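Take a look at the structure set out below.
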2 protein chains.
Amino acid sequence: MPRPSAAEPPAGDAGPSVPPALPTTERGRRMRARLLAAAREVFERDGFLTARVTDISAAAGVAHGSFYTYFGSKTAVFRALVAETMDDLYASMATHGEAGPPDGSPAGLAVHRIDQANRRFVAMYRQNTALMALFEQVTTFDPEVRALRRAARERNVGRVRHSIEQLQRDGVVAADLDAEYAAHALVAMVNGAVHYWLVLDGDFEEERLVATLTRLWAQALGLPSRG
Amino acid sequence: MPRPSAAEPPAGDAGPSVPPALPTTERGRRMRARLLAAAREVFERDGFLTARVTDISAAAGVAHGSFYTYFGSKTAVFRALVAETMDDLYASMATHGEAGPPDGSPAGLAVHRIDQANRRFVAMYRQNTALMALFEQVTTFDPEVRALRRAARERNVGRVRHSIEQLQRDGVVAADLDAEYAAHALVAMVNGAVHYWLVLDGDFEEERLVATLTRLWAQALGLPSRG
DNA sequence: GTTGACATTGACGTCGATGTCAACTTAGCT
DNA sequence: AGCTAAGTTGACATCGACGTCAATGTCAAC
């Protein structure tokens with residue numbers, strides 16, 4: 001309840017009255033893409049708050065004014081950037097055709113899948129740390145980005161909950177565990193640990209971290225892990 | 001590695017060359033306290049970025065200029081606020097003399113203590129949600145606050161690691177579990193879940209959340225939980 | 001009650017990022 | 001080539017938050 005209502009940094013760059021339409025010409029589309037790439041570069045280098053529209057224009061090699069042909073504000077580019085990138089990140093986390101699990105038991109298979117998912121998540125986070133940090137930064141004051149973040153989290157949680165429910169139907173996980181809440185907690189665990197490692201610069205060794213996360217996850221669900 | 005180096009919001013309010021000394025007179029101390037209280041009020045209402053020094057002065061009922069007698073910048077008040085408040089938060093989490101656990105076994109006792117600690121943490125977070133959100137916001141761009149946040153986290157993790165090591169000595173928890181990594185993961189789980197609930201406004205019911213967190217925590221460590 | 005150190009006041013100058021716009025360029029079309 | 005719509009340019013005006021400071025006020029000590 002007592003959460004800062006937190007509008008935008010200065011005030012009222014919530015978007016221009018006329019959000020620039022997507023470009024119709026080929027040149028326009030290229031320009032927009034260049035600006036987006038430049039924005040990502042500058043944001044990752046300077047952080048969202050310090051970054052200036054001028055820097056983005058400069059990085060894209062265009063005049064200051066051209067920026068406003070495509071985006072209404074710094075916040076607007078960022079939102080576009082997030083929207084464009086989110087899909088890529090999710091794609092990179094999609095289930096790859098992995099080598100089969102060593103152990104054929106339902107529980108062993110489940111643990112193997114959890115491990116694979118955790119490894120993919122950690123790798124994705126490591127390769128996009130700056131972006132994740134930016135995402136978090138803007139989340140703290142932009143409601144729209146906050147909504148995107150929540151949606152992403154909910155998708156993750158949904159997948160995990162589904163997998164837990166499956167294991168409950170198989171009788172491997174206790175039926176009286178709240179799958180929704182448990183999924184939230186486990187996702188928070190992995191998210192939070194990796195965030196601390198990469199964004200807050202904690203002292204971790206990747207392999208050991210993933211192994212511990214998988215082990216805790218499995219045991220939390222009552223799956224046999226290790227001997 | 002690719003983390004936004006993220007200086008301050010505009011630029012260079014990293015602190016004035018001459019950080020105002022603490023007041024010597026009684027009046028000065030009262031004034032400083034009033035400004036701090038006003039700062040907290042305004043920050044919680046508007047968020048750190050939107051808040052203006054003028055607003056803080058106004059809320060404290062003093063002239064704009066008086067602010068600078070006590071603090072060098074908006075960031076400076078915030079740091080002072082965090083420093084002052086952190087102790088209170090930690091105090092509120094200290095072990096209270098609780099009623100004895102229902103079950104005398106070492107594991108049952110451990111689970112009970114975990115549950116108590118989780119309840120205290122959640123209650124503290126709920127009562128200081130706005131502050132925690134602020135803390136997170138500023139962490140994303142101020143290195144000094146980031147350091148404070150890390151320190152707080154490390155203290156938490158240290159306590160948990162210690163308790164895990166104790167359980168390992170008692171033979172209740174597997175000795176080959178990395179206590180440090182596990183402590184980080186478990187702290188991240190509770191932190192992250194509560195953050196999602198209160199700051200990102202997730203849909204949770206407190207009792208069920210705490211119960212699930214404790215249960216997962218206990219099971220993750222291999223402690224018997226529930227029947 | 002006079003003195004002097006300390007604190008308060010609020011009007012003012014400064015500064016830098018933003019967003020605009022009129023002039024100019026590009027490119028597609030006939 | 002000539003026309004038009006779309007895009008580009010960069011100098012400029014705007015705006016708001018910040019931090020300063022000279023004048024004024026407060027208070028304790030002597």
Side-chain angles (χ1 to χ4, degrees), chain A residues 7-36 38-39 42-43 45-78 141-142, chain B residues 6-36 38-39 42-43 45-78 141:
Chain A
E8 306 287 305
D13 79 28
S17 34
V18 181
L22 268 68
T24 56
T25 80
E26 179 52 31
R27 178 164 65 138
R29 244 160 294 151
R30 268 186 289 119
M31 191 79 249
R32 207 186 110 104
R34 265 171 67 193
L35 278 168
L36 265 179
V42 173
F43 283 146
R45 170 161 48 80
D46 299 340
F48 177 83
L49 295 166
T50 308
R52 297 170 306 174
V53 171
T54 298
D55 296 335
I56 297 174
S57 305
V62 303
H64 174 74
S66 293
F67 176 90
Y68 293 96
T69 304
Y70 298 98
F71 304 100
S73 69
K74 192 168 66 159
T75 303
V77 226
F78 188 81
F141 55 82
D142 183 85
Chain B
E8 306 287 306
D13 78 28
S17 32
V18 180
L22 268 67
T24 57
T25 80
E26 179 53 31
R27 179 165 64 137
R29 246 160 292 152
R30 269 186 288 120
M31 191 80 249
R32 206 187 110 103
R34 267 171 65 192
L35 278 167
L36 265 179
V42 172
F43 284 147
R45 169 160 49 79
D46 300 340
F48 178 84
L49 296 166
T50 309
R52 296 170 308 171
V53 171
T54 299
D55 296 334
I56 298 175
S57 305
V62 302
H64 175 72
S66 294
F67 175 89
Y68 293 96
T69 304
Y70 299 98
F71 304 101
S73 68
K74 192 169 65 159
T75 304
V77 223
F78 188 81
F141 55 82

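These figures come from a predicted structure and were not determined experimentally. Each chain gets a letter, A, B and so on, in the order its sequence line appears, and its residues count up from 1.
If you measure from atom CG of B:Asp55 to atom C1' of D:dG19, you get 16 Å, rounded to the nearest angstrom. Spacing between atom CD1 of B:Ile56 and atom P of D:dG19 amounts to 11 Å, rounded to whole angstrom units. Taking atom NZ of residue A:Lys74 and atom C1' of nucleotide C:dT18, one finds them 10 Å apart after rounding to whole Å. Summarising the geometry, the separation between CG on A:Asp46 and C1' on C:dA17 is reported as 14 Å, rounded to the nearest angstrom. Counting to the nearest Å, the P atom of C:dT26 and the CZ atom of A:Arg30 are 14 Å from each other. Whole-Å rounding puts the B:Tyr68 OH to C:dA11 P distance at 16 Å. A:Arg52 places its CZ atom 16 Å from the P atom of C:dC15, with the value rounded to the nearest Å.
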Distances for protein N/O vs nucleotides 6-11 of chain D N/O pairs under 3.5 angstrom?
unit_1 : atom_1 : unit_2  : atom_2 : d
D:dG7  : O4'    : A:Arg27 : NH2    : 3.0
D:dT8  : OP2    : A:Tyr70 : OH     : 2.9
D:dT9  : OP2    : A:Ala63 : N      : 2.9
D:dT9  : OP2    : A:Ser66 : OG     : 3.0

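For D:dA29, the paired base is C:dT2 (Watson-Crick or G-U wobble, both distances below 3.5 Å).
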side-chain contact (heavy atoms from CB on, under 4.5 Å), that's the test. Do B:Tyr68 and B:Val53 meet it? Break it down for me.
CA-CA 9 Å; B:Tyr68 293 96; B:Val53 171; 3.9 Å; yes
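Between A:Lys74 and A:Ala51, the shortest heavy-atom distance links the atoms NZ-O, 2.9 Å. Residues A:Asp142 and A:Thr75 share a closest heavy-atom pair of OD1-CG2, 3.4 Å. Considering all non-hydrogen atoms of both residues, A:Ile56 and A:Leu35 come closest at CG2-O, 3.9 Å.
Using cut-offs of 30° and 60° for the angle between ring planes, the B:Phe67 and B:Phe71 rings count as tilted. Ring planes of B:Phe141 and B:Phe48: tilted class, angle from 30 to 60°.
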